Amino acid sequence: MVSTVDVATRPQAAPDRAQPDNVNDFALVAATVNGSGSQTANATLLRALFKMGIPVTGKNLFPSNISGLPTWYTIRVSKDGYTARREKTEILIAFNPATAEADLAAMPTGGVCIYRNDIRFAARRDDVIYCALPAKEMAKASGADPKLLDYMANMVYVGAVAELLGIELDEIKAALLFHFKGKAKAVGLNYGVVEAAAAYTRENMKEHVPFHVERMNGTAGRLLIDGNSAAALGAVFGGVTFGAWYPITPSTSVFDALTEYLGYLRRDEATGEATYAIVQSEDELAAIGMVLGAGWAGARAMTATSGPGISLMTEFAGMGFFAEIPAVIWDIMRMGPSTGLPTRVSQGDVLPVYYLGHGDTRQVCLLPGSVAECFRFGWEAFDLAERLQTPVFVLSDLDLGMNFWMTAPFEYPDKPMDRGKVLDAEELRAAGEFARYRDVDGDGITYRTLPGNSAPGAAYFTRGTGHNERAVYSERPEDWEQNLARLFKKHDTARGLVPAPVVDQHPGARVGLIAYGSVDPTIVETRDRLRTTGLETSYMRLRALPLNDTVHDFIAAHDVVYVVELNFDGQMRQLLQLHCPEHAAQIRSIAHCDGLPLTARFVTEAILEQEKKGHRNGHNG
Amino acid sequence: MVSTVDVATRPQAAPDRAQPDNVNDFALVAATVNGSGSQTANATLLRALFKMGIPVTGKNLFPSNISGLPTWYTIRVSKDGYTARREKTEILIAFNPATAEADLAAMPTGGVCIYRNDIRFAARRDDVIYCALPAKEMAKASGADPKLLDYMANMVYVGAVAELLGIELDEIKAALLFHFKGKAKAVGLNYGVVEAAAAYTRENMKEHVPFHVERMNGTAGRLLIDGNSAAALGAVFGGVTFGAWYPITPSTSVFDALTEYLGYLRRDEATGEATYAIVQSEDELAAIGMVLGAGWAGARAMTATSGPGISLMTEFAGMGFFAEIPAVIWDIMRMGPSTGLPTRVSQGDVLPVYYLGHGDTRQVCLLPGSVAECFRFGWEAFDLAERLQTPVFVLSDLDLGMNFWMTAPFEYPDKPMDRGKVLDAEELRAAGEFARYRDVDGDGITYRTLPGNSAPGAAYFTRGTGHNERAVYSERPEDWEQNLARLFKKHDTARGLVPAPVVDQHPGARVGLIAYGSVDPTIVETRDRLRTTGLETSYMRLRALPLNDTVHDFIAAHDVVYVVELNFDGQMRQLLQLHCPEHAAQIRSIAHCDGLPLTARFVTEAILEQEKKGHRNGHNG
Amino acid sequence: MVTTANPPAAPAPGAKVNLIGLEKNDYKGNPSTLCQGCGHDSISAQIMAVAYELSLPPHRIIKMSGIGCSSKSPAYFLNRSHGFNALHGRMPSVVTGATTVNSDLVALAVSGDGDTGSIGLGQYKHLLRRNVPMVYIIENNGVYGLTKGQFSATADMGQKLKYAGTNELPPIDLCMEALIAGCGFIARSFAGDAKQVRELLKAAFNYKGTAVLDIISPCVTFNNHEDSTKSYTYGKAHEERLHDITFVPKFEEINVDYEPGTMINVKLHDGPTIQLHKLGEDYDPTDRTAAMRRLEEAEAQQEFMTGLIYINEGRPTLGEVQHMVSTPLVQLSPERVRPSREALVRMMTDLS
Amino acid sequence: MVTTANPPAAPAPGAKVNLIGLEKNDYKGNPSTLCQGCGHDSISAQIMAVAYELSLPPHRIIKMSGIGCSSKSPAYFLNRSHGFNALHGRMPSVVTGATTVNSDLVALAVSGDGDTGSIGLGQYKHLLRRNVPMVYIIENNGVYGLTKGQFSATADMGQKLKYAGTNELPPIDLCMEALIAGCGFIARSFAGDAKQVRELLKAAFNYKGTAVLDIISPCVTFNNHEDSTKSYTYGKAHEERLHDITFVPKFEEINVDYEPGTMINVKLHDGPTIQLHKLGEDYDPTDRTAAMRRLEEAEAQQEFMTGLIYINEGRPTLGEVQHMVSTPLVQLSPERVRPSREALVRMMTDLS
Ligand SMILES: Cc1ncc(C[n+]2csc(CCOP(=O)(O)OP(=O)(O)O)c2C)c(N)n1
Ligand SMILES: Cc1ncc(C[n+]2csc(CCOP(=O)(O)OP(=O)(O)O)c2C)c(N)n1
Ligand code: SF4
Ligand code: SF4
Ligand SMILES: [Mg+2]
Ligand SMILES: [Mg+2]
């Protein structure tokens with residue numbers, strides 16, 4: 001049975017009929033239990049909205065657990081195309097008794113609470129609209145296999161939400177077809193529940209719901225995909241031939257997708273044999289060891305991991321840098337230090353990865369800011385690794401990697417593979433002379449040969465110990481110094497080769513914003529909000545480390561720059577201050593890290609506050 | 001037979017008789033083959049000079065190899081008490097045919113070349129004085145066991161040097177007695193060779209040698225010891241009860257000494273049983289794991305390693321920081337990145353260790369600048385680790401750790417052991433309430449209980465995952481944020497607890513110098529040299545990370561500060577710029593790293609040059 | 001043996017208590033967050049039961065684990081014991097440090113097949129070599145549960161999993177690994193065989209060195225289909241007990257007598273006895289070569305053999321080879337660990 | 001098998017050359033910097049001899065090692081082969097990557113007992129489980145040479161060393177470890193037994209999976225005193241050969257015939273044969289259980305047994321279970337590794 005808040009008790013705060021409904025600009029959250037299959041329900045809603053042309057994003061806030069704990073899935077619909085997280089969720093789907101009370105309390109006034117009718121609220125608010133659903137009964141009624149009842153119960157809210165918000169049932173059906181890869185039986189079963197729930201809601205929900213969606217043209221030609229799948233697909237088109245990995249959240253889906261896509265796209269038509277090899281290693285230490293072995297032998301090799309795995313790769317990372325071996329390492333950042341929060345997002349590995357390895361090391365890092373960039377860096381990372389003969393770390397994160405984002409179709413690589421300075425037998429015979437670590441071209445990048453090269457003099461000895469130009473062990477001070485100086489020269493060469501920052505400089509703006517990675521959508525929205533307060537800003541989105549000179553120019557062009565990032569220590573802010581010591585004092589940090597993606601509201605307020613008190617970023621060293 | 005450069009051919013450059021001899025202010029280098037036992041010969045010379053009251057230092061430049069490769073042992077005698085490395089070595093002991101040619105070429109004009117008479121110099125210089133020794137013959141003549149012949153041959157140069165420079169034979173004998181722990185037979189055998197060689201030299205060497213030593217009073221009440229032994233002794237007096245380690249140059253001697261000293265000083269008189277345990281682990285990952293387990297259980301636990309081991313400890317280091325477990329880790333720094341040069345010195349682990357671990361970590365580091373400080377930090381590190389409940393890294397290096405240095409006798413700990421905030425059963429029953437991670441005192445340091453505590457509520461669950469005040473796993477954003485904020489508050493508390501920098505501020509000096517660790521003696525000498533050029537400087541010797549405010553004041557008080565360090569990347573310079581962004585541009589880097597200790601000449605010239613062109617330290621980020 | 005370490009506390013009126021005056025509740029943990037029916041939870045239940053039965057003082061137990069669903073489980077039992085949820089595969093080193101400095105502690109470790117057999121294999125083997133005093137439970141389900149169903153190193157060859165496909169590598173037998181590493185207490189059991197798990201646990205708690213329990217513990221979410229050798233159905237259908245095992249505490253008289261040859265009694269170092277009642281075969285768990293042969297056979301025939309595979313208290317523990325004072329190191333007074341001022345002076349003179 | 005991979009080059013006039021026209025000198029390395037008389041150097045000598053005899057094309061060999069004196073030795077042989085001096089204990093993972101992407105390469109790895117048995121035990125075991133095609137030589141001296149004489153995990157119990165004192169832990173038997181890890185080629189030898197080392201090496205180069213050679217290689221500087229089981233004197237006095245072994249290349253006819261029962265012939269996958277001439281005992285190296293029992297015995301009796309302990313080419317290699325195209329992955333053309341523009345379009349439509 002359904003709550004109908006009668007006129008007498010209708011909250012003052014509740015939207016006044018006169019006031020128009022909220023169309024295509026709100027968020028809903030589905031509070032469920034993980035392992036109950038609510039992912040299908042949520043994905044269906046998301047896709048249906050998307051196919052109605054309405055810009056959407058979905059974010060899954062899930063526990064580090066397999067089943068039984070609370071999960072929240074937020075869908076934001078935004079006619080303006082904003083995709084950042086948004087604190088306020090006007091529509092609550094309360095399907096988890098364990099959190100229903102708190103979820104209700106967190107709702108904004110005038111919100112809609114769609115709940116399982118077996119949930120009893122102790123403190124029932126009278127400033128929200130209720131819609132109770134006999135989910136269990138309807139699930140049973142569906143005649144589905146008892147094992148699937150929880151699962152079906154979730155389909156009930158899909159139907160109810162569709163009815164209340166005006167999501168087209170055809171799109172729901174299409175989404176189910178897509179999800180179940182056309183399996184008629186599954187689709188029928190689920191859609192049956194959806195229809196029944198919609199009908200039930202239509203009959204029983206008398207209350208007007210002041211939110212609805214309308215078909216628009218905001219997603220034409222676009223698709224929904226998660227960053228890890230995009231990364232994997234990019235690697236496939238980057239010609240990856242070897243992958244070694246050890247499972248760890250949130251990077252696991254990179255290799256799940258990689259294995260799947262390679263299976264489709266990289267088997268010999270005739271024989272069905274693989275043009276690649278994937279090894280699940282015993283740990284991350286072995287994974288990067290295998291990748292370096294493969295890269296040394298001439299393969300495009302990659303691994304994917306997260307914080308704890310990165311820590312375990314430290315020694316090999318230093319060797320890769322020093323022995324100059326190409327490798328691609330995806331770090332899907334989660335909350336650290338230590339095991340931290342495996343299912344929460346952060347950008348906490350920027351500084352440690354840049355300096356990964358004891359001694360004087362500097363690693364090359366790419367910072368994808370969208371799923372399209374995950375795809376692009378997926379192949380470009382190999383070009384850079386082979387061109388620079390060094391490990392390339394791609395720092396994505398849980399939010400970008402595991403959530404669905406809208407994107408234009410990915411662009412096919414716009415340049416042939418760059419295999420770097422490799423001398424084959426013929427070239428070597430022609431060249432005559434070969435010294436593995438001699439800086440022939442003056443860019444710090446030297447020539448290498450691959451094992452198997454039959455030309456005399458092709459062989460050399462790869463080592464993590466000090467060596468001369470001929471890769472022979474040497475303790476001569478000059479040899480060490482020259483070699484390390486060349487490595488840092490190569491690092492400077494890298495500044496010009498890695499993807500340059502994307503700059504939107506606003507003429508005359510006093511304030512500049514610098515950000516990277518999954519924070520980008522937040523900055524886009526933040527700038528609009530700041531503009532409404534009269535504060536115009538410029539924006540530089542960093543896409544790689546090492547930094548280059550455009551950064552100086554950008555900072556120099558503004559009185560103050562705010563570095564916005566999702567970690568505690570203002571890690572990129574530190575690297576920027578080191579890069580521009582002369583501007584260090586005008587670089588301010590907006591670093592925040594509580595496991596959730598940054599919201600435009602938070603960043604906007606943080607900036608306005610600092611602007612007010614003009615406070616300087618103090619001693620963080 | 002002996003070369004006597006006759007008058008006609010005497011080099012112009014050769015010291016003019018009129019000119020007084022160089023007394024107690026020169027260096028000699030013994031070029032030998034490692035594994036040939038030349039260490040005894042060199043140690044004997046060093047100790048004899050020291051016992052004559054002449055300030056000395058010995059530096060061993062040895063290969064990463066067990067036997068057969070060139071080794072150079074340098075002894076500097078300095079009436080002024082300088083102990084830094086010095087490029088110029090006026091006296092060459094050429095006992096290694098493989099390097100004799102180059103060693104000769106490297107000598108300064110007017111130097112003395114004492115060589116094995118079976119060595120033939122292709123390019124014989126006529127601006128040096130020669131003294132040839134029939135080493136092999138004399139070794140045979142000694143009647144020593146054939147296995148010991150190479151060894152005895154080295155004793156020959158001891159006798160010759162003693163004779164030529166005027167080292168008292170009694171002190172040589174005393175040194176041998178000390179070395180052989182009084183074993184008469186060994187002493188007799190060796191001393192016999194020394195005497196014979198001295199006699200031979202007296203008779204055959206007609207040429208005047210313009211260098212000699214004179215007894216003085218420069219070493220009264222002091223002793224010679226290496227930093228690793230000092231560290232071990234300090235740990236013993238710090239009440240270390242558990243050590244786990246894995247061998248690695250140059251840290252191995254820390255545990256060799258620790259095992260030896262514990263054997264003397266930490267056995268039960270009655271039973272002879274140990275009040276400690278030492279475990280040689282299977283690798284460094286296990287070593288730090290054992291140390292954290294022991295520290296968690298309430299023991300004072302330590303390990304010692306070098307670069308590669310540090311890299312392997314990364315994951316556990318992050319956990320130690322985050323789960324707040326006391327531990328002491330000695331990093332005897334060698335040349336990195338990667339396996340690098342195991343027998344060469346550097347200060348290349350400062351930055352990587354300070355940030356060791358993925359996510360937002362900050363480690364506490366101590367920076368001993370002398371063997372006396374190695375001893376002091378040997379025990380003080382435990383007080384800090386237990387007070388701060390965090391791993392404490394002591395960053396020593398190969399030069400400080402493996403070479404002999406003069407020092408005043410070590411001072412007994414001037415405070416009782418600080419075991420930190422540990423609640424035992426009684427205290428807990430009294431307190432009633434206990435939450436492992438609650439900041440009761442507002443200093444970021446919380447209370448802990450040890451396993452075995454019988455009071456109800458004493459138990460808690462240690463984890464590397466996100467947790468609330470009660471150490472229960474929590475994904476709540478507030479819990480994560482508060483906990484990390486507290487950890488950084490604790491880090492700020494540490495600023496006040498770690499050893500403060502040692503400052504010698506020169507009134508009105510424009511230029512400040514900042515250095516740490518084994519670079520200290522070089523700075524002392526550099527400042528004197530700069531003074532002679534009219535440049536007065538102030539000096540701040542850092543002794544720990546995190547940095548504190550005195551650093552601001554020091555930098556603010558000078559127009560420019562030079563950060564002098566033994567790495568490529570100016571690692572401490574970077575940390576200083578981050579600590580004082582408002583002064584970042586006036587902080588300049590003098591970083592050099594070729595495997596050898598810095599010399600005063602090099603640093604002086606580097607500073608004068610930068611002063612000339614007033615060049616600013618550019619983009620290092 | 002630790003059962004009577006503490007003076008019995010005053011039992012709560014009426015409540016059923018054990019020898020040290022604690023109730024079953026005193027051995028409880030937090031509610032489990034594992035999947036309904038996960039084998040790990042049934043093992044946790046046996047741990048609580050045994051700790052109560054043996055009257056183990058909770059404050060002297062340390063719960064040690066790595067990372068994984070299995071490694072989470074220590075949070076779900078013995079809340080009155082300290083716990084240490086270490087890093088993935090690195091629990092053994094942490095236990096080595098903790099038990100060496102405090103010999104009063106009873107280490108109870110829970111790990112998984114991935115935690116021990118994949119990333120942790122090196123530490124596992126070196127721990128066994130050192131014979132660190134502890135109970136080492138491996139909750140073996142042949143998959144990585146917490147990361148959602150990849151093959152672990154103990155997965156059977158040819159096994160199929162929903163996402164991971166087919167496993168083409170031979171399994172690592174963690175009991176055989178323990179045996180050749182010199183481990184002196186090796187048992188295999190099945191989470192579905194509560195009584196055997198209990199009796200083996202009691203024996204393990206009374207063994208002086210490292211006691212390894214490799215317990216097949218089905219992952220109901222990712223590896224519980226009929227054709228999986230790590231499933232409940234398979235286990236129930238195929239379990240082959242080497243013997244029926246009963247643990248007899250030292251204070252209990254053994255007065256029943258059995259026909260000769262029907263039972264083996266294994267006496268443990270301080271009194272208690274393990275009774276092994278003969279079933280199908282003659283099996284002597286004190287014979288190392290026999291154990292090796294039997295494990296070989298079982299693997300060759302894909303036989304799911306459970307019971308006490310090998311026991312031998314002969315080897316010294318790590319603590320013993322350290323020749324330490326009897327007082328646990330962490331309890332030594334400052335005077336005993338910081339030498340005197342005079343001692344330093346002596347050292348200084350010796351060095352100069 | 002790689003012996004006839006390359007067309008014979010024109011031999012230098014007069015010089016003695018092998019089947020591919022190379023002289024002994026073409027297999028040399030840099031001068032050794034190891035101690036005079038180090039066992040590792042004699043093993044290097046046998047490697048050079050065998051590579052020449054088998055006419056292995058140097059450019060197809062990769063020399064792999066970890067860290068240690070032993071791991072340095074690849075610099076002292078086969079200068080015409082690429083080498084990779086990896087990290088301490090981590091060589092196995094590097095070989096796994098390199099050989100998987102280029103099946104044309106012949107991996108020759110040299111490690112030490114510390115490198116493999118201590119820090120590297122985990123990678124060693126997992127490599128064996130995967131059956132990575134390679135020759136894996138362990139130069140086993142029971143100590144850490146390069147760090148100056150600490151005990152390694154293979155040091156015998158009760159052994160004494162100048163600095164390290166007495167070893168109180170049992171040794172790890174790297175052959176037994178290999179056997180239970182599923183390795184199909186396991187041999188133990190002695191650096192002082194040049195002929196046996198040579199014949200075993202030839203066999204190993206012709207084996208298709210991981211071939212483990214655990215060669216006792218005395219450290220003359222730190223562990224060569226009479227009472228050390230890893231010394232020359234001990235080895236010479238106590239070596240017990242399981243059999244006399246002769247490797248017969250596929251192109252040589254075996255026409256001598258022996259009395260029945262005096263010899264075992266083991267045929268390898270592509271032609272060559274290993275002849276095992278019976279000595280004291282009847283020993284069949286193709287019987288896994290027998291091998292296990294024999295290793296047990298040898299360890300129990302502290303017997304220094306050498307020879308081919310176990311051989312079985314049955315298990316697929318890592319390359320085989322990857323079901324890859326026959327062309328080595330590193331030789332695939334860009335077209336074969338970067339799918340077409342159309343393929344991307346297809347993926348994009350499927351996803352939208
Ligand atoms: C260094 C590191 N790598 C990877 C992970 C991710 N991870 C967590 S648990 C786990 C596997 C656990 O498997 P198992 O030990 O069998 O435990 P189960 O969940 O099956 O009980 C992995 C790979 C991690 N936490 N740390
Ligand atoms: C991570 C790391 N830890 C420690 C070391 C120091 N180290 C170099 S070689 C070696 C032991 C080598 O022993 P083994 O493998 O037996 O070789 P051997 O010298 O005896 O031939 C050690 C501990 C290192 N190089 N890297
Ligand atoms: S996933 Fe498997 S192992 Fe993990 S809790 Fe669920 S059933 Fe247990
Ligand atoms: S120390 Fe030992 S192992 Fe190393 S080279 Fe010398 S003899 Fe060989
Ligand atoms: Mg498992
Ligand atoms: Mg060795």
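Bear in mind that the values here come from a model prediction, so they are computed numbers and not experimental data. Per chain, numbering begins at 1; letters A, B, ... match sequence-line order. Hydrogens, waters and symmetry mates are skipped; everything else that's a heavy atom, side chains included, is used.
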Q. Between A/P456, A/P413, A/G272, which has the largest tally of heavy atom pairs under 4.5 Å with chain D?
A. A/P413
Q: Taking heavy atoms only and a threshold strictly under 4.5 Å, list by residue number the residues of residues 61-73 of chain D that touch chain A; give 'none' if the list is empty.
A: D/I62, D/K63, D/M64
Q. Do D/Q322 side-chain atoms and A/I278 backbone N/O form a donor-acceptor pair below 3.5 Å?
A. yes
Q) chain D heavy atoms under 4.5 Å from A/V236: which part of the residue, side chain, backbone, both or neither? A) both
**Q.** Donor-acceptor contact present, side-chain A/R266 to main-chain D/V337, <3.5 Å
**A.** yes
(Q) What part of A/R47 gets within 4.5 angstrom of chain D, counting heavy atoms only: side chain, backbone, both, or neither? (A) side chain
(Q) Less than 4.5 Å to any heavy atom of chain D: does that hold for the side chain of A/P416, its backbone, both, or neither? (A) backbone
Q | Side chain / backbone / both / neither for D/S340 at chain A, heavy atoms under 4.5 Å | A | backbone
Q. If you draw a 6.0 Å radius around CD in D/Q36, do more than 12 non-hydrogen atoms from other residues or ligands fall strictly inside?
A. no
Q: Compute whether any side-chain donor of one residue and acceptor of the other, for A/S281 and D/H126, lie under 3.5 angstrom apart.
A: no
(Q) Within a 6.0 Å radius of atom CD on A/E411, are there more than 12 heavy atoms belonging to other residues, nucleotides or ligands? (A) no
Q. Do you know which of D/A86, D/P92, D/P328, D/G122 has the most heavy-atom pairs with chain A at a distance under 4.5 angstrom?
A. D/A86
**Q.** Spacing of A/F242 atom CZ and D/N102 atom CG [to the nearest 0.5 Å]
**A.** 12.5 Å
Q.
I need the residue from D/L332, D/T96, D/V95, D/L351 with the largest number of non-hydrogen atom pairs under 4.5 Å to chain A.
A. D/L351
Q) With a 4.5 angstrom heavy-atom cut-off, which part of D/T100 approaches chain A: side chain, backbone, both or neither? A) side chain
Q: Calculate, to the nearest 0.5 Å, the distance between atoms CG and OG1 belonging to D/N85 and A/T465 respectively.
A: 5.5 Å
Q: With a 4.5 Å cut-off on heavy-atom pairs, point out which of A/A286, A/P451, A/A425, A/A287 contacts chain D the most.
A: A/P451
Q: Check whether any side-chain heavy atom of A/L265 sits under 4.5 Å from a side-chain heavy atom of D/M347, and report yes or no.
A: yes
Q: Kindly give the heavy-atom pair with the smallest separation between A/A299 and D/V330, and that separation in Å.
A: N-CG1, 3.7 Å
Q | Evaluation steps, side chain to side chain contact (heavy atoms under 4.5 Å, CB included), between D/V94 and A/F316 | A | CA-CA 10 Å; D/V94 177; A/F316 258 127; 3.8 Å; yes
Q: Can you tell which part of D/S326 gets under 4.5 Å to a heavy atom of chain A, answering side chain, backbone, both or neither?
A: backbone
Q.
Counting heavy-atom pairs closer than 4.5 Å to chain A, which one of D/V101, D/T99, D/L127 comes out on top?
A. D/V101
(Q) Can you list everything that forms a ring pair (Phe, Tyr, Trp, His ring centres under 6.0 Å) with D/H40? Sequence neighbours excluded, please. (A) none
Q | Smallest separation among heavy atoms of A/L223 and D/M348, with atom names | A | CD2-SD, 3.8 Å
(Q) Report which part of A/S229 has an atom under 4.5 Å of a heavy atom belonging to chain D: side chain, backbone, both, or neither. (A) neither
Q. Which pairs with one or both residues in residues 25-36 of chain D pass salt bridge (Lys or Arg N to Asp or Glu O under 4.0 Å), sequence neighbours excluded?
A. D/D26-D/R80
Q) In Å, rounded to the nearest 0.5 Å, how long is the span from CZ of D/R338 to CZ of A/R300? A) 7.0 Å
Q) Between OG1 of A/T271 and NE2 of D/H323, what distance do you get to the nearest 0.5 Å? A) 12.0 Å
**Q.** Members of residues 107-118 of chain D whose heavy atoms come closer than 4.5 Å to chain A
**A.** none
Q: Determine the minimum heavy-atom distance between D/L329 and A/A274, stating which atoms define it.
A: CD2-O, 4.4 Å
Q) Would you call A/E269 and D/R336 a salt bridge, using N to O less than 4.0 angstrom? A) no
Q.
Within this structure, what is the CG-CG distance for the pair D/L344 and A/L233, rounded to the nearest 0.5 Å?
A. 6.0 Å
Q: Find the one option among A/D283, A/V279, A/L224, A/V291 whose heavy-atom pairs under 4.5 Å with chain D are most numerous.
A: A/V279
Q: Compare every heavy atom of D/R130 with every heavy atom of A/Q280, then report the nearest pair and how far apart it is.
A: O-NH2, 3.3 Å
Q | Heavy-atom contact with chain A under 4.5 Å, split by part of D/P74 | A | both
Q.
side chain to side chain contact (heavy atoms under 4.5 Å, CB included) for D/F84 and A/I325? Distances and angles first, verdict last.
A. CA-CA 11 Å; D/F84 196 125; A/I325 302 170; 3.6 Å; yes
Q. Chain D: which of A/Y460, A/Y412, A/Y276, A/F50 shares the most heavy-atom pairs with it under 4.5 Å?
A. A/Y412
Q.
Please classify the contact between A/Y264 and chain D as side chain, backbone, both or neither, with a heavy-atom cut-off of under 4.5 Å.
A. side chain
Q: Could you check which of A/G452, A/A471, A/G295, A/P409 has the highest count of heavy-atom pairs closer than 4.5 Å to chain D?
A: A/G452
Q: Check step by step if side chain to side chain contact (heavy atoms under 4.5 Å, CB included) holds for D/H82 and A/W296.
A: CA-CA 10 Å; D/H82 275 72; A/W296 172 75; 3.9 Å; yes
Q.
Atom CZ of residue position A/F404 - does it have more than 12 heavy atoms of other residues, nucleotides or ligands inside 6.0 Å?
A. no
Q | Interface moiety of A/A301 toward chain D, non-hydrogen atoms closer than 4.5 Å | A | neither
Q | Heavy-atom pair of closest approach, residues D/S93 and A/L285 | A | OG-O, 4.4 Å
**Q.** Euclidean distance, D/R90 CZ relative to A/M319 CE, rounded to 0.5 Å
**A.** 12.5 Å
Q.
For A/F382, which atoms come within 4.5 Å of any heavy atom of chain D: side chain, backbone, both, or neither?
A. neither
Q. Is it the side chain or the backbone of A/A244 that comes within 4.5 Å of chain D heavy atoms, both, or neither?
A. neither
